[in-house]
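All figures in this text were calculated on a predicted structure; none of them were measured in a lab. Protein chains get the first letters and strands the later ones, always in sequence-line order, with residue 1 at the start of each.
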There are 2 protein chains.
Amino acid sequence: MARASKLIEPILTLLAGSTRHAWSLEDIRQDLRTRDLTPDFSSIFRVVEQLVAQGRVNRIHLADAPPRFELSGAHHDHLHCTLCDLLVPVPCLAPHNLADQAAQAQGFALHAHNIVLDGVCPHCQLQRQPRPELPA
Amino acid sequence: MARASKLIEPILTLLAGSTRHAWSLEDIRQDLRTRDLTPDFSSIFRVVEQLVAQGRVNRIHLADAPPRFELSGAHHDHLHCTLCDLLVPVPCLAPHNLADQAAQAQGFALHAHNIVLDGVCPHCQLQRQPRPELPA
DNA sequence: CTAGGTGCAAATCCTTTGCTCGAAT
DNA sequence: ATTCGAGCAAAGGATTTGCACCTAG
């Protein structure tokens, strides 16, 4: 049995935490630091890639921001604040019948969809400035 | 009156053409070449940025591929083939009531949404290999 | 004459990879 | 001894910016 990366468990724990909904690689790196883990960025990169490949973690693509990662689980979509990059999970937005119908009409085989709607979060609307960094 | 870029008209004409549904900057550059226009990449970049800022052109963010650009117009969503990067317009997938409801619940002010569903196009399903480049 | 469009080149950002060393089996 | 994981460093790719020039108004 091959050794597993020491980073797997801390990263999964991190993603399971509730402070942030989804984490960029940089977010992960900074949080691990608070636990005296200072792995190289490439190590985090490789571990997360592996988790994504195993389907244990989802990659969320954002407009104009590095991708975020979340634990795989019940499907949901996201709202993304384009000012502060806050990401909020919301119930599925595209009814499967609509999506399936569109895909079928074009002959597409769909992957799991992952919809991100861009907008401005309440905080940024009020402050006219980005929400301060969330504490890790 | 300031001079307008000479590239605006050819680019808009290009985007209005039907060969491709949406174009990357590189696609645009290559097509312009066939008309003996060899502008610098940065010039195309700046003109397209400008058109996007003016709302005349939409930027479509894709997973793992450079953004595509299309003329602004009637709203629609997209299917994206992750093998050959084909992009197909389909009718709106997220009913406004669902999206608005989710946004409202979170206090988000939504931009125009732009949903991309990733999948595999019919051609790539059959061939098990990416569709050859479309002619410009 | 002046504003601003253009090209060239370089900086930047983020992602990804090669390679070596060290630790666990 | 062998097999990876980890760290370091550097490549790569795409995007973005600074700057000087040139041309249309």
Residue pair D85(A) / H80(A), side-chain heavy-atom distance below 4.5 Å: yes
Exercise: do T13(A) and E9(A) side chains pair donor with acceptor under 3.5 Å: yes
For atom CZ of F41(B) and atom P of dG13(D), their distance in whole Å: 14 Å
Nucleotide nearest S42(B) when distance is taken to its side chain, options dT17(C), dT16(C), dT17(D): dT17(D)
L32(A) CG to dA6(D) C1', straight-line distance once rounded to whole Å: 14 Å
Nearest to side-chain heavy atoms of R3(B), which nucleotide of dA24(D), dG5(D), dT15(D): dA24(D)
Nearest-Å distance for atom pair CD1/P, residues I28(A) and dC14(C): 15 Å
Whether E70(A) side chain and H21(A) backbone form a donor-acceptor pair below 3.5 Å: no
Rounded interatomic separation in angstrom, taking CG from L7(A) and P from dA24(C): 14 Å
Residue whose closest nucleotide on DNA chain D lies nearer the 5' end, E49(B) versus K6(B): E49(B)
Nucleotide nearest S5(B) when distance is taken to its side chain, options dT6(C), dT15(C), dC8(D): dT6(C)
Sugar-phosphate only, base, or nothing, as touched by S43(A) at under 4.0 Å among non-hydrogen atoms: base
I11(A): which of L51(A), L37(A), D31(A) passes side chain to side chain contact (heavy atoms under 4.5 Å, CB included): L51(A)
R29(A)/E26(A) salt bridge by N-O under 4.0 Å criterion: yes
Any donor-acceptor pair under 3.5 Å from S72(A) side chain to V57(A) backbone: yes
L25(A) or R46(A), whichever maps to the more 5' nucleotide of DNA chain C: L25(A)
Check: S24(B)/D27(B) side-chain N/O donor and acceptor closer than 3.5 Å: yes
From dG7(C), dT15(D), dT16(C), nucleotide with atom closest to P39(B) side chain: dG7(C)
Gap between atoms CG and P, on L37(A) and dA6(D) respectively (whole Å): 11 Å
Length of the line joining D40(B):CG and dC19(D):P, which is rounded to integer Å: 17 Å
Spacing between R29(A) atom CZ and dC8(D) atom P, to the nearest angstrom: 12 Å
Spacing of Q50(A) atom CD relative to dC4(D) atom P, expressed in whole Å: 12 Å
Proximity to DNA chain C (any heavy atom under 4.0 Å), residues of residues 59-71 of chain A only: P66(A), P67(A)
